[in-house]
Amino acid sequence: MTHRRRAWRWAVAVWLILVAAAGGLTLWWQESAEPQRYGWEETAPTPPLPEGWESVCAGATPDENGRALCFVRTR
């Protein structure tokens, strides 16, 4: 029985050391890497609505909450 406890303790100790080493490596790699920007972070200013959009959307029927959906195609 003592042999099983000793083996169990060694297994837990090795597991804890591996977890601590992996966590340390992860933090080290994150700090050493340059921050990367993703495409959705690089946003351009919102384009203005085309001229005459008010008259195009005047016939849109609002829903029960008073919201209306209107598509304006510019190209």
Side-chain angles (χ1 to χ4, degrees):
M1 185 131 184
T2 306
H3 181 66
R4 281 189 179 181
R5 281 188 186 168
R6 188 178 300 162
W8 179 251
R9 286 180 186 165
W10 272 103
V12 170
V14 168
W15 181 80
L16 287 173
I17 290 170
L18 286 174
V19 168
L25 282 174
T26 302
L27 290 175
W28 180 53
W29 285 334
Q30 283 181 347
E31 290 174 0
S32 66
E34 291 184 22
Q36 297 178 355
R37 297 189 60 91
Y38 297 99
W40 56 269
E41 290 180 338
E42 298 172 5
T43 58
T46 305
L49 291 171
E51 292 181 20
W53 70 269
E54 294 96 344
S55 61
V56 172
C57 294
T61 307
D63 63 2
E64 61 273 358
N65 295 324
R67 299 175 298 192
L69 182 61
C70 177
F71 292 98
V72 178
R73 184 173 177 178
T74 59
R75 293 185 192 170

Trainee: Does any pair with a residue in residues 55-64 pass salt bridge (charged side-chain N to carboxylate O under 4.0 Å, His left out), and if so which ones, sequence neighbours excluded?
Mentor: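 Non-adjacent pairs meeting salt bridge (charged side-chain N to carboxylate O under 4.0 Å, His left out): D63-R67.
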Trainee: Enumerate the residue pairs fulfilling salt bridge (charged side-chain N to carboxylate O under 4.0 Å, His left out) with a member in residues 16-25, sequence neighbours excluded, ordered by first and then second residue.
Mentor: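 Salt bridge (charged side-chain N to carboxylate O under 4.0 Å, His left out) check on residues 16-25 returns no pairs.
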Trainee: What pairs of donor and acceptor atoms, side-chain ones from residues 9-19 against any protein atom, are under 3.5 angstrom apart with sequence neighbours left out?
Mentor:
none

